[in-house]
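Quick note: residue numbers are just sequence positions, from 1.
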Amino acid sequence: MPATTPDRPALLTALQGARPVRTPVWFMRQAGRSLPEYRAARHGIAMLDACLDPALAAELTLQPVRRHGVDAAVFFSDIVVPVLRAGVGVQIRSGVGPVLDEPVRTAADVAALPTPDPDLGPVVDGVRAAVAELGDTPLLGFAGAPFTLACYLVEGGPSKDHLRTRTLMHADPQAWAGVMAWAADVTGTFLRAQVAAGAAAVQLFDSWAGVLSAADYRAHVAPWSSRALAGLDVPVVHFAAQGGELLAELRDVAAGAVRHAAVGVDHRVPLDEASRRLGGATPVQGNIDPAMLAAPWEVLAAHVRDVLRRGEVAPGHVVNLGHGVPPNADPDVLTAIVRLVHDEHPQHESGAV
């Protein structure tokens with residue numbers, strides 16, 4: 001397992017707005033199809049079945065920590081697991097993604113949703129099993145943000161423009177509030193269960209919030225993400241894909257709900273510019289371009305060093321990709337990035353939180 005600072009793991013130091021001896025690094029989707037050991041362990045097992053097998057979920061969580069020496073494990077699960085466990089019919093179709101049995105598009109559909117009280121026993125058992133094996137390496141819990149869950153509920157599956165979802169938001173505010181309240185409560189329960197089982201921090205993924213204007217996000221989404229995060233007593237990373245225009249909103253949601261909040265930044269906004277938009281007082285996470293993973297090493301290494309340099313302007317920096325690990329990524333390249341990040345010493349080191 002990777003070494004940590006004498007006082008606490010490097011990841012937690014950075015998320016709390018200070019500088020550890022070395023910059024921490026982990027990768028979104030680090031447990032996945034890029035690893036041959038993952039493909040072997042998952043062979044013939046459906047995604048949601050793997051997520052709900054505590055021993056298998058723990059093993060898949062641990063694999064990238066063993067291989068890459070990353071500074072955090074992220075629990076192996078899926079954002080629709082709590083939706084399924086709450087009683088909503090959903091399946092993950094290969095090459096497609098989550099698909100709902102019955103979309104939620106009217107006030108009557110919202111009223112018919114089951115009580116947002118998912119049975120998360122297998123998740124709790126999986127988190128505990130992973131934490132027991134991780135030693136000093138922290139485990140990140142995660143969940144899909146209410147808006148992203150609402151997108152799947154309303155669209156019935158993946159969508160390019162989320163037009164039905166955005167239409168419902170404006171055309172029927174009461175139904176919108178109902179579906180978002182349901183999603184917020186499911187998300188909050190999922191996060192709290194992982195923290196209670198031992199997760200040291202969490203990340204809230206808003207995969208589709210980038211389709212919204214800042215005004216729509218503030219008015220129709222932010223209150224529900226705040227509701228999902230309320231009561232958590234661990235650091236939170238708030239991330240939205242294509243969310244460069246929402247950075248301040250993401251910060252405000254997380255900072256208003258928890259003591260220590262960081263903002264994940266995708267590859268489209270340089271970290272120094274992101275930090276400027278955030279007022280220079282918020283830890284950041286990111287933002288290596290996943291497309292660079294297939295570039296010649298000298299090109300990728302220069303890009304990683306540039307990310308590190310730009311991240312120096314923030315009070316804390318966790319290196320990550322600007323999105324998830326592509327399935328065809330070379331695992332040896334990811335390991336080399338971890339070594340490079342660990343070998344590059346920050347200009348300013350740990351201070352008091």
Side-chain angles (χ1 to χ4, degrees), residues 46-48 51-52 77-120 123 141-194 202-213 216-230 238-243 246 250 253:
M47 176 64 177
L48 290 175
C51 294
L52 294 170
S77 192
D78 190 89
I79 63 171
V80 298
V81 163
V83 174
L84 176 69
R85 298 296 287 183
V88 172
V90 59
Q91 56 185 302
I92 297 179
R93 293 183 184 170
S94 179
V96 178
V99 177
L100 275 292
D101 292 352
E102 298 290 341
V104 179
R105 294 176 180 167
T106 67
D109 294 337
V110 174
L113 284 168
T115 302
D117 185 22
D119 173 10
L120 298 175
V123 172
F142 84 99
F147 178 74
T148 287
L149 292 190
C151 285
Y152 284 116
L153 290 167
V154 175
E155 303 292 337
S159 169
K160 292 182 178 179
D161 56 14
H162 307 283
L163 188 61
R164 287 191 179 96
T165 306
R166 292 185 290 122
T167 297
L168 181 66
M169 176 191 297
H170 296 289
D172 192 339
Q174 185 173 356
W176 178 251
V179 73
M180 287 294 280
W182 190 91
D185 291 344
V186 164
T187 290
T189 300
F190 192 40
L191 290 172
R192 288 189 292 274
Q194 293 171 80
V202 300
Q203 176 158 309
L204 188 67
F205 286 83
D206 217 336
S207 303
W208 307 124
V211 303
L212 299 172
S213 68
D216 277 349
Y217 181 91
R218 285 192 298 269
H220 304 291
V221 173
W224 305 109
S225 289
S226 294
R227 176 165 165 167
L229 293 174
H238 200 185
F239 172 76
Q242 301 185 44
L246 302 176
L250 298 174
V253 164

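Of the possible polar contacts, none joining the Trp224 side chain to the Ala177 backbone as a donor-acceptor pair under 3.5 Å is found. Side-chain N or O atoms of His162 include none that pairs as donor or acceptor with a backbone N or O of Cys151 at under 3.5 Å.
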If you apply the rule side-chain contact (heavy atoms from CB on, under 4.5 Å), what do you find for Thr187 with Leu204, and how did you get there?
CA-CA 9 Å; Thr187 290; Leu204 188 67; 3.7 Å; yes

Determine whether Tyr152 and Trp208 satisfy the following criterion, side-chain contact (heavy atoms from CB on, under 4.5 Å), listing intermediate values before the conclusion.
CA-CA 10 Å; Tyr152 284 116; Trp208 307 124; 3.5 Å; yes

Residues Phe147, Leu212; criterion side-chain contact (heavy atoms from CB on, under 4.5 Å); working and verdict:
CA-CA 10 Å; Phe147 178 74; Leu212 299 172; 3.8 Å; yes

Residue pair Trp182, Leu149: steps toward the side-chain contact (heavy atoms from CB on, under 4.5 Å) verdict:
CA-CA 10 Å; Trp182 190 91; Leu149 292 190; 5.7 Å; no

Report, one line per pair, each donor and acceptor closer than 3.5 Å where one atom sits in a side chain of residues 79-100; sequence neighbours left out.
unit_1: Arg85; atom_1: NE; unit_2: Asp119; atom_2: O; d: 2.7
unit_1: Arg85; atom_1: NH2; unit_2: Asp119; atom_2: O; d: 3.4
unit_1: Arg85; atom_1: NH2; unit_2: Asp119; atom_2: OD2; d: 3.2

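The nearest pair of heavy atoms linking Leu191 to Ala143 is CD2-CB, 3.5 Å. Nearest heavy atoms, Ala175 versus Val110: O-CG2, 3.7 Å. Nearest heavy-atom pair across Arg105 and Glu155 is NH2-O, 2.9 Å. Contact record, Asp206 with Ser225: OD2-OG, 4.4 Å, taken as the closest heavy-atom pair. Shortest non-hydrogen contact noted between Met180 and Pro146 is SD-O, 3.8 Å. Taking every heavy atom of both residues into account, Phe190 and Phe142 meet most closely at CE2-O, 3.3 Å.
Distance check, rounded to the nearest 0.5 Å: OG of Ser226 to NE2 of His238 gives 8.0 Å. Between Leu120 atom CG and Leu52 atom CG the span is 9.0 Å, to the nearest 0.5 Å. Rounded to the nearest 0.5 angstrom, Met169 CE and Asp216 CG are separated by 5.5 Å. Taken to the nearest 0.5 Å, the CG atom of Leu153 stands 12.5 Å off from the CD atom of Glu102.
In this pair, Phe205 and Phe239 present their aromatic rings perpendicular. The plane angle is above 60°, beyond the 30 to 60° band.
Sorted by first and then second residue, the side-chain hydrogen bond (donor to acceptor under 3.5 Å, both in side chains) pairs with a member in residues 171-180 form an empty list; sequence neighbours excluded.
Residues passing the salt bridge (charged side-chain N to carboxylate O under 4.0 Å, His left out) test with Asp185, sequence neighbours excluded: Arg227.
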